[in-house]
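To keep things clear, I will list the structure first and then write my remarks on it.
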Amino acid sequence: MNDNLFIDLESTQFQPEMKISGKILWALDKDPKELRLTLGWSTQGRGSSDHKAEDQLNWKTNATSGEETFEFTLPATPYSFEGKLIALNWELSLTAKKGKAQCQLPITVSPHGSAIELPVVNDERKRKSFSIGSR
Amino acid sequence: MNTMQKSITSKSAGSRIAGILFGLLFFGVGFLFCWMMAISPLLNVINSKDWIEADCVITSSKVHTNRSSDGDTYKIEISFSYELEGRNYRSDTYDFNISSSSGYDGKAKIVARYPVGSKKTCWINPEDPTHAVLSRKVPGIVYFVIPFTSIFMIIGLTALLGSFGLLPKSWSIPFNNARHKRVATEAKGTKQLTPKNSGIGKVLIITAVACFWNGIVSVFLFQVYKGFQEGDPEWFLAIFMIPFVCIGLLLILGIIHSLLSLANPKIELTLSESSPTLGQTVELEWQANKPLKRVSKLQILLIGKEAATYQRGTKTTTDTSTFHICAILDLENPALHQRGTVTLTIPKDSMHSFDSGNNKILWELAVDGTIHRFPDINDTYPITVRPLPSV
């Protein structure tokens, strides 16, 4: 039998400060000891990655299969966004303490439904520090 | 039975202690080696300029070999006898270098110039006649030790300052990944904005860097000067110093440039809401503290940009990409104006200010003024853009 972990949500697009509720389901070969569901975000792109766990739920269990409900309240910020250098992605991550089973579910946190897209604007200003020539 | 717990763990104390220990170790070891192998010999070289010149007789002359599992190292060992005020003395100090190093041939050539029984010139410390040397030149190893140990000291100092939170965020070492500063959601009201770099701050920083740099360079320049004055120029040192002197001159020009910038008119900016939300329209009041007679063009721009910091080898680099730029004031003849009020609207479908340490969304107002044949006005005023108000 394979290890299976699932996160069940009705939608993956959320408004900031909204409540997220759903279910986790597991069917594992061994007793997981503990299941951990983390709500967090991480940055991807040119910069060194930053990540933060905003909230976390732990279930101590010795059942090899089962389901649990969960509820998180999203913070007001940061929004999901995608720019030329940086992308910020939210996700729910479910892991079992014993064994290697894990499951990630990307979600979007934005007032507009989808991640905010940051365009590239040509900054034509010449930040020269000294001017010469005639007026 | 399943039991549920809600928790968030964070780590910082452990990584801070590790940072302090790491910093102390690197800085301490770097400083100790720099002092023993470079600064102390260098101070001795400078002090020895007043030592008494005397004749001496070489009594032994050889290259001493220190054997170790990492490979052999060598040191010049020349003993000589000399006389001062009717008393005889002996010394076995060739120069002020206290360490042995690899490279046998160079040392053997020096030893060959001092055969046993030959008469040579030595310099005697007038305060302690038992201390005398045959060479007052800067030991070659100093040129290697200073840059090498400086790397250790800079790394150690950076780690120490970072551990105590004394570094600008862009310099910090990511000991942990919880440097996210959540943007405030409350309004802050009317406020005069503060420029990112104050003119005096810039002058002080450049002056401090210039003094530090030119202070070190001047020690070596003094050595070169003395060599020329005594008719025994140190050509290698003179040529070696050229790029360092050029950097020192550029830093002095930087001080002049930043001092001239202080004479520029300062534009004071006041926002009716200093932390506007996305989509909010606010009033910006601007006022020059001096007449803008010499300014031929004045612009105030609202700029939004991404800033991503990453490590490339030992170097920390920050790349930026502009995603919003909008002129909110564009005056071709600002001499006719001294103050004014404009409105600006933060785009609604954009991104609020964000700072997670390595990755940032920055909003700022940039003031650009062109002054012919003079440093231009280039000031930036960071602002915080809050998220959309809660529904």
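In the text below, chain A, chain B and the rest are named by the order of the sequence lines, each starting its count at 1.
The shortest heavy-atom contact between B:S356 and A:W41 is CB-CH2, 3.7 Å. Nearest heavy atoms, B:N359 versus A:G47: OD1-CA, 3.6 Å.
Residues B:H180 and A:P78 have side chains in contact (heavy-atom distance under 4.5 Å, counting atoms from C-beta outward). Residues A:T77 and B:R182 meet the side-chain proximity criterion, which asks for heavy atoms closer than 4.5 Å. Side-chain contact check for B:N358 versus A:S49: every heavy-atom pair is 4.5 Å or farther apart. Counting heavy atoms from C-beta on, the side chains of A:D50 and B:F354 never come closer than 4.5 Å. Contact of the A:L118 side chain with the B:S350 side chain is registered, since non-hydrogen atoms from C-beta on lie closer than 4.5 Å. At a threshold of 4.5 Å between non-hydrogen side-chain atoms, the residues A:R46 and B:Y310 count as touching.
Here the CD1 atom belonging to B:I361 is positioned 13.0 Å from the OH atom belonging to A:Y79, to the nearest 0.5 angstrom.
In this structure, chain B has a heavy atom under 4.5 Å from the side chain of A:F81, while its backbone stays farther away. With a 4.5 Å cut-off on non-hydrogen atoms, A:L35 does not touch chain B at all. Heavy-atom distances place the backbone of B:T320, and not its side chain, under 4.5 Å from chain A. With a 4.5 Å cut-off on non-hydrogen atoms, A:L85 touches chain B through its backbone and its side chain both.
In the displayed structure, B:K202 atom NZ is contacted under 6.0 Å by at most 12 heavy atoms of other residues, nucleotides or ligands. Open room surrounds NZ on A:K33; 12 or fewer heavy atoms of other groups in view lie less than 6.0 Å from it. Heavy atoms of other residues, nucleotides or ligands lying less than 6.0 angstrom from CD1 of B:I200 number 12 at most. Around atom CD of A:Q104, more than 12 heavy atoms belonging to other residues, nucleotides or ligands sit under 6.0 Å away. The 12-atom threshold is exceeded at CD of B:Q280, counting heavy atoms of other residues, nucleotides or ligands nearer than 6.0 Å.
A distance-only check finds no donor-acceptor pair linking the side chain of B:Q311 to the backbone of A:S48 [under 3.5 Å].
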